[in-house]
Amino acid sequence: MRRYKRFLADVRLENGQRITMHCANTGAMLGCSTPGSVVYYSTSKNLNRKYPQTLEYVQSEQDHLACVNTAIANKVVGEALNGDDIAEVQGLGEWQSEIRIPDEAGRFDFGIPSKVYIEVKSVTYLNDKRGLFPDATSARATKHVKALVRRIKAGERGILLFCVPHTGIERTSIAKQLDPTYYEAVREALDDGLEVLAYRCQLTLDEVKIDYAIPFTLD
């Protein structure tokens, strides 16, 4: 019915009951928050949660399925890294999650110390078969790009990985009009050696997992 206060969504169930559930997404959810959309949710077994249900998938007006729980992206990327399913980083060693950024505050999503660091972003904003990131201004995303560049200049690999849990997205790009600062940060980072990967997910009501690489272009 509506998404509001960033982390809440009101949903009408098939029996007509209206409930409020947790929405684990800090973005604008462009194209994934239209009132009247069919949604799918999970229910936590934690009895202490104020909102036991979590919004997981939204079915778009074009009948595409999108996973709007951004926490899922790190889970599926972690599984893919540990299973050596991402070709560009196969065989590098044991991956650590939530790894501290060397010599500064903050963490990267994944890394192997002194070798490679990965920051994961979930892409669900569809525009003409392209997945655009971000769907709202994100100073945090820009900060991570600049931190990756500093690791590259220190002689390590820095990777920005776009995880795409959306059945309608066939390629990815930067949403320049929504966040020109982020666009410029990525553009400059590419010149400095930033690697950008994009992987589409296989999405069913039972499972989300990394499927195959899709193209990324700056524009």
Side-chain angles (χ1 to χ4, degrees), residues 1-77 109 119-144 161-183 198-209 214:
M1 298 177 68
R2 65 170 181 150
R3 184 266 183 119
Y4 59 105
K5 294 183 179 179
R6 290 179 69 185
F7 299 114
L8 297 178
D10 287 345
V11 173
R12 185 172 59 245
L13 305 184
E14 288 180 313
N15 63 7
Q17 179 187 3
R18 175 173 172 167
I19 63 173
T20 298
M21 59 182 61
H22 180 58
C23 180
N25 192 310
T26 60
M29 284 176 52
L30 296 180
C32 296
S33 58
T34 304
S37 299
V38 173
V39 302
Y40 300 87
Y41 65 92
S42 60
T43 301
S44 173
K45 295 180 180 179
N46 182 355
L47 300 179
N48 294 321
R49 279 185 49 165
K50 183 177 180 180
Y51 302 107
Q53 287 78 25
T54 297
L55 186 65
E56 301 287 355
Y57 297 167
V58 174
Q59 187 171 316
S60 73
E61 294 177 353
Q62 296 80 26
D63 288 332
H64 296 304
L65 202 61
C67 177
V68 296
N69 182 348
T70 55
I72 297 298
N74 277 27
K75 291 181 180 179
V76 299
V77 170
D109 291 317
E119 185 62 23
V120 178
K121 301 300 179 187
S122 181
V123 183
T124 57
Y125 174 31
L126 173 66
N127 187 312
D128 190 26
K129 296 184 180 181
R130 284 193 307 163
L132 300 178
F133 184 89
D135 66 357
T137 301
S138 178
R140 183 173 181 271
T142 299
K143 177 183 176 182
H144 278 134
L161 195 157
F162 291 122
C163 178
V164 185
H166 192 300
T167 60
I169 293 176
E170 299 178 2
R171 58 189 188 278
T172 57
S173 188
I174 305 299
K176 181 179 180 179
Q177 293 183 336
L178 293 178
D179 194 340
T181 300
Y182 183 71
Y183 172 87
Y199 271 81
R200 169 92 170 255
C201 293
Q202 180 178 320
L203 204 63
T204 70
L205 295 185
D206 299 314
E207 184 180 36
V208 183
K209 65 179 181 179
I214 60 176

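A tilted orientation is assigned to the rings of Phe133 and Phe162, their planes being inclined by 30° to 60°. Using cut-offs of 30° and 60° on the angle between ring planes, the pair Tyr40 and Tyr57 is perpendicular.
Around atom CZ of Arg12, no more than 12 heavy atoms belonging to other residues, nucleotides or ligands sit under 6.0 Å away. The environment of CD in Gln62 is crowded: more than 12 heavy-atom neighbours from other residues, nucleotides or ligands sit within 6.0 Å.
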task = Report the C-alpha distance between Cys201 and Val76 in whole Å, list the side-chain angles of each, state the deciding distance to 0.1 Å, and finish with yes or no for side chain to side chain contact (heavy atoms under 4.5 Å, CB included).
result = CA-CA 9 Å; Cys201 293; Val76 299; 4.3 Å; yes
key: Derivation and outcome, side chain to side chain contact (heavy atoms under 4.5 Å, CB included), residues Val58 and Thr124   = CA-CA 10 Å; Val58 174; Thr124 57; over 6 Å; no
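For the residue pair Thr54 / Arg49, a side-chain donor-acceptor distance below 3.5 Å is found, with atom types taken as modelled.
Ser33 places a side-chain N or O within donor-acceptor distance of the main-chain N or O of Met29, the cut-off being under 3.5 Å. Remark: the backbone N or O of Thr70 is not paired with any side-chain donor or acceptor of Asn25 at under 3.5 angstrom. Listed for the Asp135 side chain is a donor-acceptor partner under 3.5 Å among the backbone atoms of Ala28. Formation of a donor-acceptor pair under 3.5 Å by the Arg171 side chain with backbone atoms of Ile214 is not found in this model. Under a 3.5 Å cut-off, the side chain of Thr167 and the backbone N or O of Leu65 do form a donor-acceptor pair. When atom types are taken as modelled, the side chain of Asp109 and the backbone of Val120 share a donor-acceptor pair closer than 3.5 angstrom.
Here the CG atom belonging to Leu132 is positioned 8.0 Å from the CD1 atom belonging to Ile169, to the nearest 0.5 angstrom. Expressed to the nearest 0.5 Å, how far CD1 of Ile19 lies from OG1 of Thr43 amounts to 7.0 Å.
The salt bridge (charged side-chain N to carboxylate O under 4.0 Å, His left out) check on Glu56 picks up nothing, with sequence neighbours excluded.
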